[in-house]
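In each ligand, atom 1 is the first atom listed, and ligand 1 is the first ligand listed. Only heavy atoms go into these numbers, but all of them, side chains included; no hydrogens, no water, no symmetry mates. Source: prediction; values computed, not measured.
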Amino acid sequence: MLYMPTRIFIETGALTKAQKYITLLGKKALIVCGKQSAEKSGVMADLQPLLKANGISFEIYNQIHENPDLESIITGKELFQRHACDFLISIGGGSPMDAAKAISLAAANNLEISQIYDSSLYQKSFPIAAIPTTHGTGSEVTQYSVLTDSSAHKKAGFGSDLIFPRLAIVDPRYMLSLSPRISLNTSLDALSHLLEGIYSIKRNSYLMPMIYRGIRLIIDNLSLCLKEPNHLPAREALATASLFGGITIAHTSSTLQHAIGYPFTTEFGIPHGLANAMFMRQLMDFYAPSIEAELSTLFDSLNMSREKFYAWLESFPIQVKVDLPTDMLEEWIPTILTTRNTKLSPRIPTEAQLREILKTVQK
Ligand code: NAP
Ligand code: ZN
């Protein structure tokens, strides 16, 4: 089964192509974005005249931080309701896209902060147009929103078909302003999603050609993009890989790879994509005995050995070490092992095995 209700525009000039469909979403938009990237990426300069020309008014909520928290969702919900908005446009990376999805649900179902994760309360939503400015999360084509509950000191996601964006407007020009560091981290996130589509016990054979293609695009274009940030074809390749990664996890979900990464982001501020990449080799090694055939088909299609892939991966600065106190590590183990994502992994580690994996990044 394949399901993808998002209309996807991916090309230079995607916003103009999507214009007609934006006008069908509503009359008053809440634009959800971070402090700077909506301007820096060039999206605002294109979007505002387009909305005005089509008689769509808008309010701007530009206070979304990385790893958005539940409080920011309630602020967004209040703004949406106060200004009688009827749809959302998110501009930015995964953080504003995920925030817009949660605001949509919170506003449509009048959710309080304690109810945001309660999917039994999701009856309806407001439509969303997502304009990504990073090439990592693929959130423009997923039904997930990942938020941080600062009171519980926990990062966790939820999913609902109601929050698939109606439109994904992917223009690689909006990614040219990304710093090399964010370009690297977000591309590694896309790589994780693609690999997890192979790992997940919900893997889907119809997705495999797209997954292999996405991984190939990252391998062929990541170094080039870091050396030449203005290389539009390289950005387009990475934006395509990111989109493929999103379509992948929309079907297979993410796995232990993401469950391990989340606490490193919450506790040590390690960016999401890097938190996944820190454990990419360890997890592929750990899974290998359970998915030998899947990995060998992947590496055949890439015309590359697993060792060569590791050498390529480790040519990037992903070797992060942290000071992980024993009591924290012991507290994390049962939490990681009981997440939904972990249960979808092809091989579930024992506590001792997970401890060994986690200790590989110990200073
Ligand atoms: P992000 O947190 O959205 O943004 C990271 C940084 O990049 C911010 O400082 C942002 O600035 C800046 N930035 C974004 N676009 C830029 C541009 N074009 N030029 C210059 N700077 C730019 O990063 P992300 O990696 O895309 O998203 C990570 C989040 O997505 C995590 O919370 C992760 O858990 C989540 N995620 C969600 C899904 C899903 O399916 N829903 C999948 C994977 C990950 P501003 O602050 O100014 O915007
Ligand atoms: Zn991710």
* Is S145 in polar range of ligand 1, meaning some N or O pair under 3.5 Å apart? -> no
* When you check the side-chain N and O atoms of Q81 and N110, is any donor under 3.5 Å from an acceptor? -> yes
* With only distance considered, is T133 within less than 3.5 Å of ligand 1 through an N or O on each side? -> yes
* Asked: Should I247 and I128 be counted in the same cluster of Ile, Leu, Val, Met, Phe, Trp and Tyr side chains packed under 4.5 Å apart?
  -> no
* Asked: Is H193 near ligand 1, meaning one of its heavy atoms is under 4.0 Å from it?
  -> yes
* Protein contact of atom 19 (N) of ligand 1 - nearest heavy atom, named by residue and atom, plus distance -> S177 OG, 2.8 Å
* Ring geometry between Y21 and F9 (parallel below 30°, tilted from 30 to 60°, perpendicular above 60°) -> tilted
* Asked: Is there a donor-acceptor pair closer than 3.5 Å between any side-chain N or O of S150 and the backbone N or O of H153?
  -> no
* Only one of E196, K343, K202 clears side chain to side chain donor-acceptor pair (under 3.5 Å) with T255; which? -> E196
* Decide whether an N or O pair under 3.5 Å exists between Y262 and ligand 1. => no
* Which atoms from ligand 1 have a heavy atom of Y144 less than 4.0 Å away? -> 40 (O), 41 (N)
* Of all the atoms in ligand 1, which lie at a distance below 4.0 Å from a heavy atom belonging to D189? -> 43 (C), 44 (C)
* List the steps and the verdict of salt bridge (Lys or Arg N to Asp or Glu O under 4.0 Å) for E59 and R82. => CA-CA 10 Å; E59 290 295 325; R82 186 169 350 120; over 6 Å; no
* **Proximal heteroatom of D189 relative to the Zn ion (ligand 2) (N/O/S)** => OD1
* Structure fact -> Quick note on ligand 1: atoms under 4.0 Å from a heavy atom of T134 include exactly 14 (C), 15 (N), 26 (O)
* For Q36, the ligand 1 atoms whose distance to one of its heavy atoms is below 4.0 Å -> 47 (O)
* To do: Quick one: look up the protein heavy atom nearest atom 27 (O) of ligand 1 and list residue, atom name and how far away it is.
  => G94 N, 3.1 Å
* atom 7 (O) of ligand 1: nearest protein contact (heavy atom, Å) -> I182 CD1, 3.3 Å
* Under 6.0 Å between ring centres, would you say that holds for F158 and Y144? -> no
* Shortest protein heavy-atom distance from atom 22 (C) of ligand 1, along with the residue and atom involved -> S37 CB, 3.4 Å
* Structure fact -> for atom 34 (O) of ligand 1, nearest protein heavy atom and its distance come out as K155 NZ, 3.0 Å
* Checking S37 side chain against C33 main chain: does a donor-acceptor pair fall under 3.5 Å? -> no
* With a cut-off of 4.0 Å, which atoms of ligand 1 are near a heavy atom of T142? -> 39 (C), 40 (O), 41 (N)
* **F286 six-ring face occupied by R347 cation (under 6.0 Å, within 45°)** => yes
* Just need the protein heavy atom nearest to atom 9 (O) of ligand 1, so name the residue and atom and give the distance. => E66 OE2, 3.2 Å
* Say whether P96 and ligand 1 are in contact under the criterion: heavy-atom distance to a ligand atom below 4.0 Å. => yes
* To do: May I ask you to check if ligand 1 and Y174 share an N or O to N or O distance below 3.5 Å?
  => yes
* Asked: If you measure from the Lys or Arg side-chain nitrogens to the Asp or Glu carboxylate oxygens, is any gap between D285 and R306 under 4.0 Å?
  -> yes
* Asked: So, is H258 polar-close to ligand 1, with some N/O to N/O distance under 3.5 Å?
  -> no
* **Sub-4.0 Å atoms of ligand 1 with respect to non-hydrogen atoms of S41** => 18 (N)
* **D69 side chain to T148 backbone, donor-acceptor under 3.5 Å** => no
* Nearest non-hydrogen protein atom, atom 44 (C) of ligand 1 -> H272 NE2, 3.3 Å
* Asked: When you check the side-chain N and O atoms of T360 and Q282, is any donor under 3.5 Å from an acceptor?
  -> yes
* For ligand 1, the portion of T265 having any non-hydrogen atom under 4.0 Å away -> neither
* Asked: Would one find an N or O of T186, backbone or side chain, under 3.5 Å from an N or O of ligand 1?
  -> no
* Asked: Does a side chain donor of either N109 or K124 reach within less than 3.5 Å of an acceptor in the other side chain?
  -> no
* Asked: Of all the non-hydrogen atoms in the protein, which one sits nearest to atom 37 (C) of ligand 1, and at what distance?
  -> D98 OD2, 3.0 Å
* Asked: If you count the atoms of ligand 1 from 1 in the order shown, which ones are under 4.0 Å from a heavy atom of G93?
  -> 3 (O), 26 (O)
* To do: Dump the intermediate steps for ring pair (Phe, Tyr, Trp, His ring centres under 6.0 Å) on F80 and Y61, then the final yes or no.
  => CA-CA 9 Å; F80 188 97; Y61 176 33; over 10 Å; no
* To 10°, measure the NE2(H272)-the Zn ion (ligand 2)-NE2(H193) angle for me. => 170°
* To do: Using modelled atom types only, decide if a donor and an acceptor are shared between the side chain of Q353 and the backbone of T350 within a distance under 3.5 Å.
  => yes
